[in-house]
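Only one structure is covered here, and it is reproduced in the block below.
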2 protein chains.
Amino acid sequence: MNTTLADIKDNFKELGIKSTLPRVVIYQALMKFTHHPSAEEIHIGIQKKYPGVSLATVYKTLDLLVQNNLASKVVTDEDKVRYDPRTDQHIHLYCKKTNKIVDHEDAGLEKLIADYLNLKGIPGFDIHQIQVNIKGELKTIIKK
Amino acid sequence: MNTTLADIKDNFKELGIKSTLPRVVIYQALMKFTHHPSAEEIHIGIQKKYPGVSLATVYKTLDLLVQNNLASKVVTDEDKVRYDPRTDQHIHLYCKKTNKIVDHEDAGLEKLIADYLNLKGIPGFDIHQIQVNIKGELKTIIKK
DNA sequence: TTCGTATTTAAGAATTATTATTATTTAGAG
DNA sequence: CTCTAAATAATAATAATTCTTAAATACGAA
């Protein structure tokens with residue numbers, strides 16, 4: 001994974017994005033979350049390491065990452081936009097209890113849907129992307 | 001379809017919702033759209049027929065409809081919340097060109113996904129709802 | 001390495017969608 | 001028809017996000 005500072009700088013350079021400390025820190029923070037954080041969560045997350053960075057810069061940088069295909073936006077019925085450091089197609093699980101969004105790998109299901117739609121298509125519609133969001137609850141593991 | 005004024009009033013009465021003109025007008029307007037409108041679109045849409053209704057009432061009424069399972073919220077990566085007068089499961093098409101959201105019927109695909117997930121499930125996750133959003137573009141029909 | 005310049009940033013003001021407040025109006029029970 | 005709880009219009013308040021601007025910075029060229 002390209003998560004070291006040097007890797008990220010290279011990553012940015014390749015895309016012609018000026019490599020600044022706020023950008024590197026924000027991108028790194030986004031990748032470290034196990035769920036998909038909001039701009040505010042990222043802003044709070046980087047306070048210790050880099051207290052000076054403003055929320056506006058967090059928003060601008062996240063937008064830049066999305067524009068350059070280094071991240072994608074994720075939305076919920078309620079509240080704010082979340083950010084996902086992946087841009088390839090994958091399934092999202094929305095937990096109604098914790099209100100968090102996490103990735104879910106199921107190549108079988110993805111292939112099933114893709115194959116079906118490749119065959120059948122949608123009349124009058126050009127498919128670019130298929131999103132599958134599964135809503136529910138993370139089961140509580142009861143310890144003995 | 002229960003779209004006449006009397007039908008809607010009955011609908012409301014059954015649910016113990018007080019039947020007021022703004023509510024009936026807003027619900028009727030929501031059902032008339034071919035895409036899924038925002039609160040603002042509905043507000044603008046009812047101006048002619050009922051100019052006095054305030055935007056706050058539109059929001060409150062839409063929320064009431066959602067609470068009572070007469071409508072559901074639909075979100076996009078950008079901008080505002082849209083409302084859908086259906087609450088059963090169905091696929092949404094997001095057009096990137098027109099920025100509109102419309103319903104798509106494909107019982108075959110829905111069954112395929114439901115059967116697959118019924119069989120396989122998701123370890124540690126309780127599935128409540130499956131959302132399939134297909135993003136792309138409505139093809140332009142070129143007239144000869 | 002130092003310089004010059006275009007870009008980026010911090011800070012906070014502005015904007016926009018949505019929600020809350022409140023005085024007034026209204027639906028519908030009795 | 002009256003009464004009362006609930007709904008509405010008007011508008012203020014809030015919260016997420018974007019914009020503005022002066023100061024700071026990255027980085028190519030010398």
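Scope of the values below: all heavy atoms of this structure, side chains included, with no hydrogens, waters or symmetry mates. Not measured: the values here are computed from a predicted model. Protein chains get the first letters and strands the later ones, always in sequence-line order, with residue 1 at the start of each.
Within a heavy-atom distance below 4.0 Å of DNA chain D, no residue of residues 93-102 of chain A is found.
The only member of A:Thr20, A:Ile17, A:Val24 that meets side-chain contact (heavy atoms from CB on, under 4.5 Å) when paired with A:Lys9 is A:Val24.
Remark: B:Ser54 engages B:Thr57 in a side chain to side chain donor-acceptor pair (under 3.5 Å) (not counting sequence neighbours). Partners of A:Glu105 under the salt bridge (charged side-chain N to carboxylate O under 4.0 Å, His left out) rule, at least two apart in sequence or in another chain, are A:Arg86. Residues satisfying the salt bridge (charged side-chain N to carboxylate O under 4.0 Å, His left out) criterion with B:Glu110, sequence neighbours excluded, are absent altogether. Residues satisfying the salt bridge (charged side-chain N to carboxylate O under 4.0 Å, His left out) criterion with A:Asp10, sequence neighbours excluded, are absent altogether.
Distances shorter than 4.0 Å separate some side-chain N or O of A:Tyr59 from OP1 or OP2 on D:dT17.
Counting only N and O atoms by type, the side chains of B:Tyr94 and B:Asp77 include no donor and acceptor under 3.5 Å apart.
Residue A:Ser38 is out of contact with every strand shown, counting any heavy-atom pair closer than 4.0 Å.
Rounded to the nearest 0.5 angstrom, A:Gln67 CD and A:Thr61 OG1 are separated by 12.0 Å. Taking CD from B:Gln47 and CD1 from B:Ile42, the interatomic distance works out to 12.5 Å, rounded to the nearest 0.5 Å. Separation of atoms CG (B:Leu55) and NZ (B:Lys60) is listed at 13.0 Å; rounding is to 0.5 Å.
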Taking only N/O atoms, report every protein-nucleotides 28-30 of chain D pair under 3.5 Å with atom names and distance.
none

Checking side chain to side chain contact (heavy atoms under 4.5 Å, CB included) for the pair A:Phe12/A:Leu70: CA distance, chi angles, key distance, verdict? CA-CA 10 Å; A:Phe12 283 168; A:Leu70 294 175; 3.8 Å; yes
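Listed by first and then second residue, the side chain to side chain donor-acceptor pair (under 3.5 Å) pairs involving residues 95-104 of chain A are A:His36-A:Asp103, A:Asp79-A:Asn99, A:His90-A:Asp103, A:His92-A:Asp103, A:Lys97-A:Thr140 (not counting sequence neighbours). For residues 39-87 of chain B, no pair satisfies ring pair (Phe, Tyr, Trp, His ring centres under 6.0 Å), with sequence neighbours left out.
Around the NZ atom of A:Lys49, the shell of radius 6.0 Å holds no more than 12 heavy atoms that belong to other residues, nucleotides or ligands.
Mapping heavy-atom proximity under 4.0 Å, the span of DNA chain C touched by chain B runs 5' to 3' from C:dA17 to C:dG28.
Each end of the helix from C:dT1-D:dA30 to C:dG30-D:dC1 gets its own axis, taken as the rotation carrying the C1' atoms of four end pairs onto the next four within a five-pair window, and the two axes meet at 40° to the nearest 10 degrees.
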What donor-acceptor contacts under 3.5 angstrom involve side-chain atoms of residues 121-133 of chain A, with partners at least two apart or in another chain?
none

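A salt bridge is absent between A:Lys73 and A:Asp84; no separation between the charged side-chain nitrogens and carboxylate oxygens falls under 4.0 Å.
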Nucleotide by nucleotide, nucleotides 6-12 of chain D touches protein heavy atoms under 4.0 Å in the pattern (B base, S sugar-phosphate only, - none) SSBBBB-
